[in-house]
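A short write-up of the structure that comes next.
When a ligand or atom number is given, it counts from 1 through the structure's own listing order.
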Amino acid sequence: MKGIQDYYPDHFAHCYGCGRLNEHGHQIKTFWEGEGTLTRFVPKEYHTAIPGFVYGGLLASLIDCHGTGSAALALAKAQGIELSETNAPRCVTASLQVKYLKPTPIGGEIVIKGKIKEVGARKVIVEAELFANGVLCVVGEVVSVLVPDNFGL
Ligand SMILES: CCCCCCCCCCCC(=O)SCCNC(=O)CCNC(=O)[C@H](O)C(C)(C)COP(=O)(O)OP(=O)(O)OC[C@H]1O[C@@H](n2cnc3c(N)ncnc32)[C@H](O)[C@@H]1OP(=O)(O)O
């Protein structure tokens with residue numbers, strides 16, 4: 001199953017968090033799951049903050065790209081866009097807020113769930129919950145803004 005990131009054109013596919021063409025990045029993929037969105041990621045040992053626990057900056061970057069991916073999915077749905085490699089909304093992060101509720105253990109899969117809080121013509125607000133072994137460890141809110149095809153070129 002394709003994630004929204006699989007539809008990003010090549011020049012948007014180098015992001016460290018979600019770019020499929022960045023061999024050094026996280027290459028996350030974000031999907032619809034019911035009315036919400038979902039991203040999965042398995043941290044490596046070197047993603048350590050203190051031994052046994054995940055570095056918070058990594059968790060923020062996962063929430064960041066989960067947010068922009070969820071925003072692109074939400075805009076496509078709201079605007080009736082059938083996703084293809086030549087037709088997908090492109091969003092960047094305007095604002096990222098993260099709250100670390102509990103230390104996040106290394107050693108299993110992280111699941112990030114997104115709830116679309118607001119969808120405008122260009123701005124989307126996504127609330128994110130990050131779980132490790134089923135325990136809610138981090139919450140966040142991402143404001144994403146739709147940008148044109150030639151953004152950054
Ligand atoms: C398929 C391919 C995908 C491709 C995606 C692949 C890349 C994934 C990106 C991963 C995440 C990143 O790291 S992205 C990299 C980090 N982010 C950036 O570098 C973005 C830098 N900032 C910018 O370029 C700009 O400030 C923008 C594009 C974010 C917004 O500028 P703009 O386009 O002029 O927007 P503007 O008209 O002023 O505002 C539009 C709406 O957004 C709101 N807004 C604007 N800025 C903010 C803000 N900081 N915090 C809250 N809200 C804001 C405004 O109030 C307004 O709301 P309303 O009046 O409509 O309610």
Show the atoms of ligand 1 that are less than 4.0 angstrom away from any heavy atom in [X].
X	answer
T68	8 (C), 10 (C), 11 (C)
S95	50 (N)
C65	10 (C)
V145	42 (O)
V143	51 (C), 52 (N)
C15	10 (C)

Legend entry - Within 6.0 Å of OH in Y100, more than 12 heavy atoms from elsewhere: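 Yes, because the 6.0 Å sphere around OH of Y100 holds more than 12 heavy atoms from other groups.
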Inset, instruction - Step through the shown structure and confirm whether more than 12 heavy atoms of other residues, nucleotides or ligands are within 6.0 Å of NZ on K115. - result: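 12 or below, so no.
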So which protein heavy atom does [atom] come closest to, and at what separation?
atom	value
atom 13 (O) of ligand 1	D64 OD2, 3.4 Å
atom 6 (C) of ligand 1	F12 O, 3.4 Å
atom 3 (C) of ligand 1	R90 CA, 3.2 Å
atom 18 (C) of ligand 1	T93 O, 3.6 Å

For [X], is the nearest heavy atom under 4.0 Å from an atom of ligand 1?
X	result
C91	yes
P89	yes
F151	yes

Legend entry - Within-cutoff protein neighbour (heavy atom, under 4.0 Å) for atom 52 (N) of ligand 1: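 Protein heavy atom within 4.0 Å of atom 52 (N) of ligand 1: present.
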Inset, instruction - Consider every N or O of A94 and every N or O of ligand 1, then say whether any pair is closer than 3.5 Å. - result: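 Yes, A94 has an N/O under 3.5 Å of an N/O on ligand 1.
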Legend entry - Closest candidate by heavy atom, reference atom 39 (O) of ligand 1, pool K123, R122, E141: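 The residue whose heavy atom sits nearest atom 39 (O) of ligand 1 is R122.
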Inset, instruction - Report the relative orientation of the aromatic rings in H47 and F41; use parallel for angles under 30°, tilted for 30 to 60°, perpendicular for over 60°. - result: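 Taking F41 first and then H47, their aromatic rings sit tilted (interplane angle of 30° to 60°).
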Inset, instruction - For the residue pair T30 and T39, confirm or rule out a side-chain donor-acceptor distance under 3.5 Å. - result: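 Yes, T39 and T30 have a side-chain donor paired with an acceptor closer than 3.5 Å.
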Inset, instruction - Mind checking whether A13 contacts ligand 1 via backbone (N, CA, C, O), side chain (CB onward), both or neither, at a 4.0 Å heavy-atom cut-off? - result: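 Neither part.
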Inset, instruction - Check whether F31 and V124 end up in the same hydrophobic cluster, where Ile, Leu, Val, Met, Phe, Trp and Tyr are linked by side-chain heavy atoms less than 4.5 Å apart. - result: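 No, separate clusters.
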